[in-house]
Amino acid sequence: MPAPTRNPSSCDPTAWPERRFYAMGCHMSARLAIGPARAAAPLAQVEALFADAEKRLSRFDPNSELSRLNACPGRWQPVSRLLWDVLASALLMAEETGGLFDPTLLPALEAAGYTRSFEQLRDQRMADEPAAAGPMGDGALPGLPADPSPPLAPWPGGQYRLIRRRPMTHKSPPQVRLPAGVKLDFGGIAKGYVAQQAVMLLRRFGPALVDAGGDLAAGDAPPGFPGWPVAVAAPDSADEGEGRDLALVWLANAALATSGTDYRRWQWNGRAVHHILDPRSGQPAATDLVAVTVLAPTAVQAEAWAKAALILGQQTGAGALAARRLAGLLAGRDGRVTITPALRPWLAWPALHDLNSTDETDEER
Amino acid sequence: MTRRPAPHSYRRLKLTLLMASLAASLAGAHLLAWQESLLADASAPGSPPPATRLTIPAGGAGAGEIVLDLAPVPTVVAPAHQAAIRPVARTRSSR
C-alpha cells in the first residue's frame, strides 16, 4: 500500500495525504490535511482499526466474535467493547427508524442467497461463467440449487427487541444474549461506526476524512475550504475516476452514507434480488428508489436512515427524512432526484433551482 | 520659482476629471447591471425560496405588532466555480 508522498496544498484537497486499503469487503481510504511525514503513522492506525473490526464483526468469518455470538443463541455471551457499542448503536437506530433498520435480518439474507461475501459470490460466478456480466449481471449464481420452493414465510419483525444485554461490571465484561432464531448482521452500521471512530482518532492530528466503502465520515474542514468536497455518485456510475455525480457537498464534522440496490444484487430462485431487505416482509425491498444518500451527524445515523428511506420509497422516504429535518438525496428509478431542504446548506452544486424539493412550504402551496 | 498654471490648464484638468468620473460611473453601472443579470439567470425558478415572516413588538404597552416579510437571500453557485471543484471522495452504495 502506498505511503503518503504528496505534498499538501491548501488549494487542492486531493493533494492531502491519503492511505487506501481494503477492509470489511470494501475499498476504503483515510485522508489527513497535514504533512505526509506526520500523517503516515495515524493513517496506518486507521487501517489497523478497520482490520481489527473486521476480525470481530464479520459474519463471513466463522471465528469472528459476531459469528460465535450468532452460533450460541439462548446463552449469555461475553462480548468486546466494540461489539457492545456497535450493537447498542444498531438497536438505537432500529428504534429510531421504527424497525426499518433491523440488525436481525441475517436469516432472511442467507435465505435470499447472501451466504458468502459479495466478492466471493461475484468471483465464483465469474469463474464459472467467464462471459457473464459483472456483479450487476443477470443469470443464476452457479453452484446453488435451483430450488423452486416459494419465498419465505412472513417475517416476524421487531425481533431486535428480544435481545438482552448486561453491561460491564467490575467483575465481568459486557454480555449479550440472543433469543433462538435471531442472528445479527450489522451491515453498513459497523463500517459507519468504525469510520466515526477513525475520524475521532485522526482528529487529534488535523482535519480528516474517512471513506469506508462509500460511507464518508469527516472531521474539521481542510484549510481554506468550508468542508471536504465530496460527491454523491450517480447510481450505476463507474467506480473509479470522474464518474457521473448527482451533487457535490461540503462535508465537515458530519457523515454521508448511501444505501442502494445498484450494486449488490443477484439472481435467486429465478428472480432478481438485492441486499436491502424490508424488515416488514423479510424480502428484498420493493422500492421505486435505486439509491438514497443521507447526511447526518454520525455515520451510523446516516447509514440507518439511508436504508430506511430506500425501503420507504421516493415519496414516503423523502417525507420521512424531511419530517425529521434530515438531509437527504433520493435517486429514483425514473431518473428523478429529490432532495430534502436540510441538504441545501451543504451543497456546493447543483444550484438550488435545478432540483425537486420536498420543502414543506412548497407542498403547502 | 514656481509658476502658477494658466487658467486654461485648470479648465482642461477639470474637464478631464469630469470625463473620467463620468466614465467610471458608467462602467460601474454596467458592471452592476451585468452582475444582476447573472443573478437573475442563476436564480430563475422553478419555485422561489419561501419568504421569512417576522412578528415583532411595535414598542410601548398596547402598541401592537409589526409584521415583516423578509425576502430570502438568494444562494447560487456560479457555473465556473462548479467546474473547479474536484471531489476527494464519493459516496455510493457499498462496493
Side-chain angles (χ1 to χ4, degrees), chain A residues 12-14 16 18 24-27 29 31 118 135 187-188 191 209 211-216 222 228-235 237 239 242-243 245 248-249 251 256-264 275-276 290-291 293 344-345 347-355 357 359 361-362 365, chain B residues 24-59 62-95:
Chain A
D12 181 10
T14 63
W16 292 112
E18 181 190 30
M24 304 177 91
C26 298
H27 297 280
S29 74
R31 200 183 285 269
F118 195 73
K191 277 193 300 153
L209 176 73
D211 178 355
D215 289 354
L216 311 179
W228 292 90
V230 297
V232 179
S237 60
D239 286 356
E242 302 291 332
D245 295 327
L248 192 86
V249 170
L251 193 66
L256 204 58
T258 297
S259 198
T261 62
D262 56 322
Y263 184 73
R264 293 180 189 239
H275 75 300
I276 306 293
V290 64
T293 299
R344 292 176 172 181
L347 287 175
W349 62 262
L352 304 182
H353 68 270
D354 288 342
L355 300 172
S357 168
D359 192 312
T361 305
D362 287 337
R365 289 180 191 156
Chain B
S25 298
L26 277 172
H30 276 298
L31 180 63
L32 283 174
W34 175 70
Q35 286 179 341
E36 282 179 15
S37 71
L38 280 186
L39 204 63
D41 288 344
S43 60
S47 47
T52 301
R53 170 162 285 192
L54 289 183
T55 304
I56 56 176
E65 295 176 329
I66 298 173
V67 178
L68 300 175
D69 282 313
L70 304 178
V73 175
T75 51
V76 297
V77 175
H81 189 200
Q82 170 181 334
I85 304 171
R86 267 201 310 159
V88 299
R90 286 185 170 81
T91 181
R92 57 172 93 237
S93 55
S94 297
R95 58 197 70 202

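We name chains A, B, ... by the order of the sequence lines, and we start the count at 1 in each one.
The side-chain heavy atoms of Arg90(B) and Val232(A), taken from C-beta on, include no pair separated by under 4.5 Å. Side-chain contact check for Leu248(A) versus Pro87(B): some heavy-atom pair is nearer than 4.5 Å.
Neither the backbone nor the side chain of Leu251(A) comes within contact range of chain B; no heavy atom of the residue lies under 4.5 Å from a heavy atom of that chain. Only the backbone of Ala257(A) comes within contact range of chain B, with at least one heavy atom under 4.5 Å from a heavy atom of that chain. In this structure, chain B has heavy atoms under 4.5 Å from both the backbone and the side chain of Leu256(A).
When the candidates Asp211(A), Val230(A), Asp215(A) are compared by the number of heavy-atom contacts under 4.5 Å with chain B, Val230(A) comes out ahead.
In this structure Thr91(B) satisfies the side chain to side chain donor-acceptor pair (under 3.5 Å) test together with Thr258(A), sequence neighbours excluded.
Considering every non-hydrogen atom in both Ser93(B) and Ser259(A), the closest pair reads CB-C, 4.3 Å. Pairing each heavy atom of Asp12(A) with each of Arg86(B), the nearest pair is OD2-NH2, 3.1 Å.
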